[in-house]
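These notes concern the structure reproduced below.
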Amino acid sequence: MDYFGWDSNRFSPGNPRGSYHHADFDIACATILQGIRTRQGFILLTGEAGLGKSLILQHCMAEADDIRFILLGDAQLDFPDILDYLCADLGLRDAEPDVVPQNRLLLDALAAYASRGQPVALLVDDAHHLSISALLGLWEFAETSAVAADQRLQVVLAGLPEIETKLRQPELRPLHESIRVRYRLTPLSELETGLFVDHL
């Protein structure tokens, strides 16, 4: 960093000075937010490593206070643990799991948010690490459990392009076919790279 005369790490995700917005970045954010607001269910964001998928998720969270976001950074959890994570993030506590199943608590919470016009969106970073069973569990919960479409959990899968190969496996065909919103990030052009360097 000293070589360039920088006094901090401008590539840190937590450093807004390192966030460079270009057309692809802004369109990706707008596409994701529109998909969530119109209750499209599953949304897929793909791109090679280093193109800004994590920053886009953070930008979406910062831009939209009408959506209840839950960011999952550990995509190696199995589905029951993802349910635990969702319930914990929403502040749900079930003292008697045999009386009120965990998924019922979560569905009731989604319905309560929906009644206020606020969708709940799970943002999964590094989603290519999700197992087939976790992806299938998420799809079954989001697509078949909710009573009404506006009460569905919205799920944004952000990962490397290889996740598309995983989604094409026979077990995940229903999930793959249900994805109506997809966005793939592309590398910066030579011109955009120059503008990015000037931005730093």
Side-chain angles (χ1 to χ4, degrees), residues 9 11-15 18-19 25 28-29 31-33 35-36 40-62 67-94 97 101-107 109-110 119-146 152-185 187:
N9 183 358
F11 296 96
S12 169
N15 186 348
S19 298
F25 186 100
C29 289
T31 300
I32 290 170
L33 293 177
I36 293 171
Q40 295 300 310
F42 278 80
I43 297 168
L44 183 63
L45 172 68
T46 57
E48 298 293 346
L51 292 186
K53 295 182 296 296
S54 298
L55 284 173
I56 286 173
L57 296 183
Q58 293 171 12
H59 182 63
C60 287
M61 295 175 70
I67 299 169
R68 175 59 164 89
F69 290 105
I70 302 171
L71 178 63
L72 176 63
D74 184 359
Q76 300 191 49
L77 296 177
D78 57 22
F79 178 64
D81 289 334
I82 292 175
L83 274 186
D84 286 341
Y85 185 86
L86 288 168
C87 288
D89 193 279
L90 292 171
L92 307 178
R93 293 292 179 265
D94 185 13
Q102 188 179 49
N103 63 340
R104 183 70 262 165
L105 284 176
L106 187 52
L107 288 170
L110 294 175
V120 177
L122 173 65
L123 310 182
V124 185
D125 205 1
D126 290 330
H128 50 276
H129 290 309
L130 285 172
S131 67
I132 289 177
S133 61
L135 284 164
L136 188 57
L138 271 174
W139 179 81
E140 290 175 342
F141 177 79
E143 293 292 326
T144 66
S145 298
R152 291 185 304 178
L153 176 69
Q154 305 298 300
V155 181
V156 179
L157 301 174
L160 297 176
E162 65 197 53
I163 191 176
E164 298 192 61
T165 300
K166 182 177 287 187
L167 291 172
R168 283 193 290 269
Q169 296 190 42
E171 305 96 310
L172 294 175
R173 178 177 294 175
L175 192 164
H176 185 259
E177 293 178 347
S178 74
I179 298 175
R180 302 178 187 88
V181 180
R182 301 168 184 263
Y183 198 90
R184 182 158 186 169
L185 295 172

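Nothing fancy with the numbering, it's 1 onward along the sequence. Values below: every heavy atom of this structure, side chains too, minus hydrogens, waters and symmetry copies.
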Would you tabulate the side-chain donor-acceptor contacts of residues 153-172 under 3.5 Å, counting partners in other chains and residues two or more places apart, or write 'none'?
from	atom 1	to	atom 2	distance (Å)
Gln154	OE1	Gln40	N	3.2
Gln154	OE1	Gly41	N	2.8
Gln154	NE2	Arg152	O	3.2
Lys166	NZ	His128	O	2.9
Lys166	NZ	Leu130	O	2.6

Would you check if Leu185 and Tyr183 make a side-chain contact, meaning some heavy-atom pair closer than 4.5 Å? yes
Can you find a heavy atom in the side chain of His176 that is under 4.5 Å from one in the side chain of Leu135? no
Atom CG of Leu33 and atom CD1 of Ile43: how far apart are they, to the nearest 0.5 Å? 8.5 Å
Rounding to 0.5 Å, atoms CG (Leu122) and CG (Leu71) come to a distance of 8.5 Å
Separation between CG (Asp125) and CG (Leu72), nearest 0.5 Å, reads 8.5 Å
Where do Ser178 and Trp139 come nearest, in terms of heavy atoms and distance? OG-NE1, 3.4 Å
Got a second to check how far Phe42's CZ is from Arg180's CZ, nearest 0.5 Å? 11.0 Å
Working to the nearest 0.5 angstrom, can you tell me the gap between Cys29 SG and Ile56 CD1? 5.0 Å
Can you confirm whether Phe141 sits close enough to Leu106 that some side-chain heavy atom of one is under 4.5 Å from a side-chain heavy atom of the other? yes
So do the side chains of Thr31 and Val181 get within less than 4.5 Å of each other, counting heavy atoms only? yes
Got a list of side-chain donor-acceptor pairs under 3.5 Å for residues 77-84, not counting sequence neighbours?
from	atom 1	to	atom 2	distance (Å)
Asp78	OD1	Asp81	N	3.1
Asp84	OD1	Gln102	NE2	2.5

Can you tell me how far apart CZ (Arg184) and CG (Leu45) are? Round to the nearest 0.5 Å. 11.0 Å
Would a 4.5 Å heavy-atom cut-off, applied to side chains only, mark Leu90 and Arg68 as touching? yes
Counting only heavy atoms not in Arg173, do more than 12 sit closer than 6.0 Å to its CZ atom? no
Main-chain N/O of Asp126 paired with Lys53 side-chain donor or acceptor, under 3.5 Å: no
Tyr85 side-chain N/O to Ile70 backbone N/O, donor-acceptor pair under 3.5 Å: no
